[in-house]
Amino acid sequence: MPIYEYKCNNCGKDFETLVMGSFTPECPECDSQDLSRLMSKCGFVTKSAGPGGEPQTTASSASSGCAGCASTNCSSCGVG
Ligand SMILES: [Zn+2]
């Protein structure tokens with residue numbers, strides 16, 4: 001189950017939430033849906049970019065690109 005980190009554009013609170021399918025999270029503080037999705041923890045692995053160059057952001061339809069990172073490791077996350 002992918003966990004994403006969001007920052008509320010309304011009140012500035014950042015929080016983590018599970019995202020299932022097309023579920024739209026709301027800010028736990030102000031119930032706003034005006035959120036910015038931050039890179040999940042798996043995207044912030046403390047290593048520089050691989051030989052390929054920049055890390056890829058899967059902004060396409062594959063919203064569950066990092067389903068494995070919560071359970072095991074993150075080798076498939078952000079790595080093309
Ligand atoms: Zn808020």
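The analysis underlying the following values was restricted to heavy atoms, covering all of them including side chains, and did not include hydrogens, waters or symmetry mates. Counting starts at 1 for both ligands and their atoms, following the listed order.
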May I have the step-by-step check of side chain to side chain contact (heavy atoms under 4.5 Å, CB included) for Thr17 and Tyr6, ending in yes or no?
CA-CA 8 Å; Thr17 187; Tyr6 287 86; 3.5 Å; yes
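- Side chain of Lys7 to backbone of Gly12: a donor-acceptor contact under 3.5 angstrom is found.
- Within the 4.5 Å cutoff, no side-chain heavy atoms of Cys8 are placed close to those of Glu29.
- Residues Asn9 and Ser32 form no side-chain contact, since every pair of their non-hydrogen atoms from C-beta on lies 4.5 Å or further apart.
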For the pair Leu18 and Tyr4, evaluate side chain to side chain contact (heavy atoms under 4.5 Å, CB included) and give the outcome as yes or no after the intermediate values.
CA-CA 6 Å; Leu18 289 169; Tyr4 291 117; over 6 Å; no
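- The number of protein N/O/S atoms found under 2.8 Å from the Zn ion (ligand 1) is 4.
- If you take CG on Leu35 and NZ on Lys13, they are separated by 12.0 Å, rounding to the nearest 0.5 Å.
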